[in-house]
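Along the sequence shown, the residues carry numbers beginning at 1.
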Amino acid sequence: MSQHYTFKGLLTENGWLENVTVSVNEIGEISAIQSNSETAGERVDGYALPGFQNAHSHAFQYAMAGLAELHEGTGDPDDFWSWRTAMYDLALRISPEHLEAIATQLYAEMVRHGYTEVAEFHYLHHDTNGNPYHNLAELGERLMAAAQTAGIHITLILMFYQQGGFNMPAEDKQRRFISKTIDDYYRLLEQTEAIAKSYKNTTVGIGIHSLRAVEPESIIQLCNALQGDKPFHIHISEQLKEIEDCLATYGKRPVEWLLDHCDVNDNYHLVHATHLNEYEVKGIAATKANVVICPSTEGNLGDGLFPFNYFKRLNGNWSIGTDSHIGLNPFEELRILDYGQRLTTHKRNTFYKSNLGDSGFNAIKMAWKTGRKAMGKQNTEFFKIGDAFNAVIMDATAPLVATASTKHLCNTFVYASDVSHQLGTIINGKWLVKSGKHLNADSITAKFKATMKDLGSRL
Ligand code: ZN
């Protein structure tokens, strides 16, 4: 049976439609959109934006969000590498049940903040001793189950992680991540894909953790085998030390090496790509590869600023991700990205493009389109007939929203709102979050609390 929602407004690629009725079929797909219509179905005093795409997540790291800020002890400068040691310690203690409970809570929180799709960059593969589980894809399956319970669409990006650093064996602490050979990785991929078939709204992507984590021959072999049917993700050039090590080992910078050895194309999603020279920025833009920027995590870890203005001038494609989940608000990610640029360029038009000056609209659109590609979805239109109806609904009665004309709406949302301005989130045509609460919040949070108590890491 069809269902109908009538919204005060709905954002399309050409701007706002007003008094819009969205009809949804029995499996949650959009069957019709009618503007200036008579009210049909549920009347919602809100504005519908396309659901945000979270293009980079490590679910287990949510358990340590906010825990790496007590800079005690030696007084030595705390940096990415000391944070990583704390993260490894956590990764070694998580059971499959823990992972599912943490990921379910995280994904429910993502949905509450307006994300409807997530690309999970998954590299925690084996048991605490580093041995494969009986079900090779045990932990990947837990992530799929978590996404299903929370209601978010997931693209599980299965990561190949082979060694500890450039030409260095894995550290003992990395034992849960490691596939020794590319054939081990392919077996894991095969099992993951087989299991994914039995989960709704679930797809699989591929990737390598980073250049330092896989032998060069295997990187080239995996990249050459790409058929373009799955998105390929990689962490790259996040840290200056990674660039120094790569130069010392290969005589090239990471992105330079990738561009020179692999057929980089629009199926590639380079996560962070923070430190780039001119050749690398031009190379990414020219090959139509995509960059996944994670502004709150990159800021939290002190990574650096992506050369956004230059990349944008070359028509580069980018999406956003929440990575370590220190922040979960998509509007905040866009703001941090923008303000980092403003503070260094002393200009305010970060998202200006092709004579189009609506910053909020441009940011939502650019991040959404590339975010869809990061999920392995090629549709590039907001609210296309036949697509799942996934939307975040903004409160039309919030004071700044109620008094704004449609030309100011996107900027009011991106620059001057928080989650209290969201009425809820609709996925597959159903409210999953309404009035700020996830449908299954009570049971999800009870399991999460029990898990954190068991791990004891937040005490
Ligand atoms: Zn990451």
Parallel, tilted or perpendicular: ring planes of Phe7 versus Tyr5, cut at 30 and 60 degrees = parallel
Would you indicate whether Arg348, at its atom CZ, is surrounded by more than 12 heavy atoms from other residues, nucleotides or ligands within a distance under 6.0 Å?
-> no
Between the side chain of Asn267 and the main-chain N/O of Lys230, is any donor-acceptor distance below 3.5 Å?
-> yes
Would one find more than 12 heavy atoms of other residues, nucleotides or ligands at under 6.0 Å from atom NZ of Lys353?
-> yes
Phe52 vs Phe331 aromatic rings, parallel, tilted or perpendicular, using cut-offs 30° and 60°?
-> perpendicular
Please identify each residue that fulfils salt bridge (charged side-chain N to carboxylate O under 4.0 Å, His left out) with Glu298, with sequence neighbours left out.
-> none
Measure the acute angle between the ring planes of Phe121 and His58, then classify it against the limits of 30° and 60° as parallel, tilted or perpendicular.
-> perpendicular
Please identify each residue that fulfils side chain to side chain donor-acceptor pair (under 3.5 Å) with Asn300, with sequence neighbours left out.
-> Glu69
Under a 4.5 Å cut-off applied to non-hydrogen side-chain atoms, are Leu124 and Phe177 in contact?
-> yes
Val271 versus Ile234: any side-chain heavy-atom pair under 4.5 Å?
-> no
Using 30° and 60° as the class limits, which term best fits the ring planes of Phe232 and Tyr268: parallel, tilted or perpendicular?
-> tilted
Judged by modelled atom types alone, do Asp395 and Tyr47 share a side-chain donor-acceptor pair under 3.5 Å?
-> no
May I ask you to decide if Tyr352's main-chain N or O and Asn349's side chain share a donor-acceptor pair within less than 3.5 Å?
-> no
When the ring planes of Tyr123 and His209 are compared, do they come out parallel, tilted or perpendicular, using 30° and 60° as the limits?
-> perpendicular
